[in-house]
Amino acid sequence: MNEDIPGPGPAGAADADAERNDFIRAFVREDVAAGRNGGRVHTRFPPEPNGYLHIGHAKAILLSWTVAQEFGGKFNLRFDDTNPEKEDVEYVESIKTDVRWLGADWEDREFHASDYFDQLYAWAQHLIREGKAYICSLDEEKIRQYRGTVTEAGRPSPDRDRPAPESLDLLERMRVGEFPEGTYTLRAKIDMAHPNMKMRDPLLYRIRRVPHHRTGDKWNIYPLYDFAHGQCDAIEGITHSLCSLEFEVNRPLYEWFIDNLPVPCRPRQIEFARLKLTYTVMSKRKLLQLVKNGHVNGWDDPRMPTLCGLRRLGYTASSINRFAERVGMAKRDSTVDLDLLKWSIREELNREAPRVMAVLRPLKVVITNYPEGQVEQIVCENNPEDPNAGTREVPFTRDLYIEQDDFREDAPRKYFRLKPGGEVRLKHAYFIRCDEIVKDAVGAVTELRCTYDPESRGGSSPDGRKVQGTLQWVSAAHAAKVEVRLYDNLFRVPFPEEGGADFLDNLNPDSLEVITGALVEPALGQVAPGYRCQFMRHGYFFADPIDSRPGAPVFNRTATLKDSWAKLEAGGKSE
RNA sequence: UGGGGCGUCGUCAAGCGGUAAGACACAAGGUUUUGGUCCUUGCAUUCGCGGGUUCGAAUCCUGCCGCCCCAACCA
């Protein structure tokens, strides 16, 4: 790496957390105090390997992980792979990468629900022998009809009292593949009139004559979520099974299995509100649609709320940890303001990211009274927030570029930047005054002819005169040309589906602007992928790990800086 | 409308009978060689609504109202 350039930004480890308190931790504390499960705490994150993890999963992962940490317990990663039709190994690796990136450590405890298929099958047989499960021959449509509705009780299946030996035999034959899909199911015998629909003889196994990504063609039947989840928890010695609110209605069933099976442990399920964010969508189905329809460039497109997308945008794991902490934990359906997420990365990068100068839309400036051919090395501080960040040298010459936005021929009263006859400071360098505007045939400004004050070297004048504006700049002869990608919110409205709208209709057409001719200070052209910095007065940027090439980094805008000038002007208060 | 859950600032979220934390956002000042950061100040006389209990309620009781989840051989 070029020595002129300050070191890379923060890599992103989770930082030590302040004391947290929420209803889940209160329950756990209670359980530990009461000595339940021997006072152990053991949590797990159970993703289904059918998609990429998003920021909502981060909240769940970090909850289980930090709870385990705080109570001196353990944390497992378990793939909930009971539906071979939807799941694939493709997703397993990305999920592991993302969980690891967040800092959650499952050590050697990576499990799969499919690891327990034999045990689950044995427990299914156990239930049949106990008279608590039976093979049902109703088809899908009939099962639905017999189940009743939320206001009417269901009716018992005609097979409800099938003798255990017969059910046992049928189950075995289902397993070995004697029957086509849909012909039989295994159901628990609970209560067809139960007010909780989940308790009306729920299905335990269905026939699926498809290979599984881990067990191959060993099985022709696969357990359903309810029959797998709690038992898997119990097998792993999980004490606290933390999941989102929609599983609240499944809890009585979860407990029914724990109560009726000789399981080795008594896990407790506790539900919390899943994370929703403004200006985005979170469901796997919709994210998949964005990818499949080409609205974004893949799961790791920096506009996606996926963890790989956020990582590629330039978010650090520590900023996401802090975000999750700040969001809090409760049971209320809620939608967090995207600004809170953005703030979590800005706050960190403000502290740690080196400042550099970049001109996104260049406007030529010639310093007419500066000697031609002269090159001065200007000393620039790397980070005003960090005295230890040191300095670097940036070349200054007669021909420079500044930002087009930083010059205005007809400037409003509160415009502090360069205007005809006006004076500004070039950051760390000199005061310059605009003397002359050069325009092309159609009247567009192509060049500014300015004079500098040699006495103002370093950016301040001995006579104490003040300038209101400070601009970043680059030397025309030395600047490196790079590609910059300006990312903005994926959707143009906070609630893309509000009022029954199709979320695709609310995509933000300006969510990505690619700038190919940005000019940056010379050393920045040699930066390694993954480099983080602040482009002064623009925002925080991240050298894209995928599209950057040696000597040709591509910079993704992670977050903008707050822009109170834009706000002023938009509010019509700039006069 | 059968069951389950939830309603505290624009958005999250503390509070658990003793008189409304904090964060983000927002607003107004100050500092500033980033119109960034930072600092100061402001921002719920009120806790979905109505009754009741109490010396005292966001917290207890009660009746409404609203929102979410459950009728996949998905998780």
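Letters A, B, ... mirror the listed sequences (proteins, then strands); counts begin at 1. Heavy atoms only: backbone and side chains are in, while hydrogens, waters and symmetry mates are out.
- OP1 or OP2 of B:C74 sits under 4.0 Å from a side-chain N or O of A:Arg206.
- Counting any heavy atom pair closer than 4.0 Å across all strands shown, A:Arg208 reaches a base atom.
- Searching all strands for a Watson-Crick or G-U wobble partner of B:G63 with both distances below 3.5 Å returns B:C49.
- Side-chain proximity of A:Pro384 to B:A25, B:G36, B:G35: nearest is B:G36.
- Residue contacts shown for A:Asp139 include a base, since a base heavy atom lies under 4.0 Å away.
- Rounded to a whole Å, the CZ atom of A:Arg200 is 9 Å from the C1' atom of B:G3.
- Contact annotation: A:Lys142 does not reach the phosphate of B:C73 (side-chain N/O to OP1 or OP2, under 4.0 Å).
- A:Leu138 comes within 4.0 angstrom of a nucleotide base, judged by non-hydrogen atoms across all strands.
- For B:A75, the base is not stacked against the aromatic ring of A:Tyr225, per a cut-off of 5.5 Å between centres and 30° between planes.
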All N/O contacts under 3.5 Å from nucleotides 10-16 of chain B to the protein, with atom names and distances to one decimal?
unit_1: B:U11; atom_1: O3'; unit_2: A:Thr335; atom_2: O; d: 3.0
unit_1: B:U11; atom_1: O2'; unit_2: A:Thr335; atom_2: O; d: 2.9
unit_1: B:U11; atom_1: O2'; unit_2: A:Asp337; atom_2: N; d: 3.3
unit_1: B:C12; atom_1: OP1; unit_2: A:Thr335; atom_2: N; d: 2.8
unit_1: B:C12; atom_1: OP1; unit_2: A:Thr335; atom_2: O; d: 3.3
unit_1: B:C12; atom_1: O5'; unit_2: A:Thr335; atom_2: O; d: 3.2
unit_1: B:C12; atom_1: O2'; unit_2: A:Val327; atom_2: O; d: 2.7
unit_1: B:A14; atom_1: OP1; unit_2: A:Met329; atom_2: O; d: 3.1

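- The nucleotide B:A13 finds no pairing partner, because no Watson-Crick or G-U wobble arrangement with both distances shorter than 3.5 Å includes it.
- Residue A:Arg144 is in sugar-phosphate contact alone, with no base atom involved, counting any heavy-atom pair closer than 4.0 Å across all strands shown.
- Pairs engaging residues 337-346 of chain A under the salt bridge (charged side-chain N to carboxylate O under 4.0 Å, His left out) rule: none recorded [sequence neighbours left out].
- Put simply, the residue from A:Arg214, A:Arg78, A:Glu236 that forms a side-chain contact (heavy atoms from CB on, under 4.5 Å) with A:Asp115 is A:Arg214.
- Nucleotides of RNA chain B nearest to A:Leu426 and A:Asp339 differ in position, and the one nearer the 5' end is that of A:Asp339.
- Nucleotide B:C26 forms a Watson-Crick or G-U wobble pair with B:G42, both donor-acceptor distances falling under 3.5 Å.
- Checking B:U34, B:A71, B:C26 against every side-chain atom of A:Arg537, the shortest atom distance belongs to B:U34.
- Relative ring orientation between A:His57 and A:Phe45 is described as perpendicular, the plane-to-plane angle rising above 60° on a 0-90° scale split at 30° and 60°.
- B:G50 and B:A58 have their P atoms separated by 12 Å, with the value rounded to a whole Å.
- Residue A:Ile143 has its side chain nearest to B:C73 when only B:G5, B:C73, B:A28 are considered.
- Under the Watson-Crick and G-U wobble criteria, each requiring two contacts below 3.5 Å, nucleotide B:G2 is paired to B:C70.
- Residue A:Glu48 is classed as a sugar-phosphate contact, given heavy-atom separations below 4.0 Å to backbone atoms only.
- Nucleic acid contact class of A:Phe247 (heavy atoms, under 4.0 Å, all strands): base.
- Remark: aromatic rings of A:Tyr91 and A:Tyr52 are close, center separation under 6.0 Å.
- Between A:Thr470 and B:G35 there is no side-chain N or O to OP1 or OP2 distance below 4.0 Å.
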Find every protein N or O atom lying less than 3.5 Å from an N or O atom of nucleotides 37-39 of chain B, and list the pairs.
unit_1: B:U37; atom_1: O2'; unit_2: A:Asn350; atom_2: ND2; d: 2.9
unit_1: B:U37; atom_1: O2'; unit_2: A:Glu385; atom_2: OE1; d: 3.2
unit_1: B:U37; atom_1: O2'; unit_2: A:Glu385; atom_2: OE2; d: 3.2

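- Residue contacts shown for A:Arg147 are limited to sugar-phosphate atoms, with no base heavy atom under 4.0 Å away.
- Under 4.0 angstrom from either OP1 or OP2 of B:G2 there lies no side-chain N or O belonging to A:Thr149.
- Not one N or O on the side chain of A:Asn382 forms a donor-acceptor pair closer than 3.5 Å with the backbone of A:Pro354.
- Residue A:Gln534 is classed as a base contact, given a heavy-atom separation below 4.0 Å to a base.
- Note: CZ (A:Arg285) to C1' (B:A72) measures 15 Å, nearest angstrom.
- Annotation: cation-pi geometry not satisfied between A:Arg208 and A:Tyr222 (NZ/CZ under 6.0 angstrom from ring centroid, within 45° of ring axis).
- Taking atom P on both B:C6 and B:C60, the two are 12 Å apart, rounded to the nearest angstrom.
- Across all strands, A:Pro47 comes closer than 4.0 Å to no nucleic acid atom at all (heavy-atom distances).
- Counting only heavy atoms from C-beta on, A:Lys414 has its side chain closest to B:G35 among B:G35, B:C73, B:A27.
- Inspection of the A:Tyr540 and A:Gln534 side chains reveals an N or O donor paired with an N or O acceptor under 3.5 Å.
- As a whole-Å value, the separation of A:Leu341 CG from B:A23 C1' is 14 Å.
- Here the nucleotide nearest the side chain of A:Leu224, chosen from B:A28, B:U34, B:A75, is B:A75.
- Cation-pi geometry between A:Arg417 and A:Phe407 is not met: the NZ or CZ atom fails to fall both under 6.0 Å from the ring centre and inside 45° of the normal.
- Nearer the 5' end of RNA chain B, as judged by each residue's closest nucleotide, is the contact made by A:Glu152, out of A:Glu152 and A:Asp226.
- Interatomic distance, A:Ile367 CD1 to A:Arg433 CZ, rounded to the nearest 0.5 Å: 12.5 Å.
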